[in-house]
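In what follows, a single structure is set out as structure tokens and then discussed.
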Amino acid sequence: NASMRMKQKAVLQRVEEKKKLGWTFVILGADIDSYATGGSLGYARGSTRSHAATAAGYASAWSDVSHAMSAQRFRRSARGYTDAKRLAASKSYFSAAESAKKSKHA
């Protein structure tokens, strides 16, 4: 086991380093104010979700993550997709999936 203890500041610094490389981080919160908590930790609102602490809530949250990842993969596979676009998209992780849902139900 290679676990180690780290202070919050060190973890947040690593997250920021990875974000600059195009990594996407999301926060899912059950029965908390995910947007306030995520914002205080540097998470973008577009990469944050709240859900109920129930089986249905967890299923919905992970469904959102799955749909968003599929949408991200689709967008990132497009010809001409740049690192700048990747960085911009990482701040709105769930938006492409939401757009797809809306157009599907329209």
- What about Trp23 and Val15, same hydrophobic cluster or not, with Ile/Leu/Val/Met/Phe/Trp/Tyr joined at side-chain heavy-atom distances under 4.5 Å?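 Shared cluster, yes.
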- Path from Phe94 to Trp62 over hydrophobic side-chain contacts below 4.5 Å: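 Phe94 clusters together with Trp62.
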- Where the side chain of Thr48 meets the backbone of Ala44, is there a donor-acceptor pair that is under 3.5 Å apart?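 Here the side-chain-to-backbone pair exists.
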- Message: Using a 3.5 Å distance criterion without hydrogens, assess whether the side chain of Thr37 forms a donor-acceptor pair with backbone atoms of Asp33.
- Response: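 Yes; at least one donor-acceptor contact below 3.5 Å.
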Mind listing the closest non-hydrogen atom pair of [X] and [Y] along with its distance?
X     : Y     : value
Val26 : Tyr43 : O-CE2, 3.6 Å
Thr24 : Arg76 : OG1-NH2, 3.3 Å
Ser34 : Gly29 : OG-CA, 3.1 Å
Gln8  : Leu41 : NE2-CD2, 2.7 Å

- Query: Roughly how far, to the nearest 0.5 Å, is CD1 of Ile27 from OG of Ser47?
  - Reply: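 If I round to the nearest 0.5 Å, the distance is 10.5 Å.
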- Measuring from Leu12:CG to Phe25:CZ, what's the distance to the nearest 0.5 Å?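 Reported to 0.5 Å precision, the distance equals 10.0 Å.
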- Query: Does the side chain of Gln72 reach to within under 4.5 Å of the side chain of Arg75, using non-hydrogen atoms?
  - Reply: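 Yes, side chains in contact.
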- Message: So Glu16 and Lys19, do their side chains get closer than 4.5 Å, heavy atoms only?
- Response: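 Yes; the side chains approach each other to less than 4.5 Å.
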- Checking side-chain contact (heavy atoms from CB on, under 4.5 Å) for the pair Met69/Tyr93: CA distance, chi angles, key distance, verdict? CA-CA 8 Å; Met69 179 52 69; Tyr93 181 76; 3.4 Å; yes
- Greater than 12 external heavy atoms within 6.0 Å of Tyr81's OH: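 It does: Tyr81 OH has more than 12 such atoms within range.
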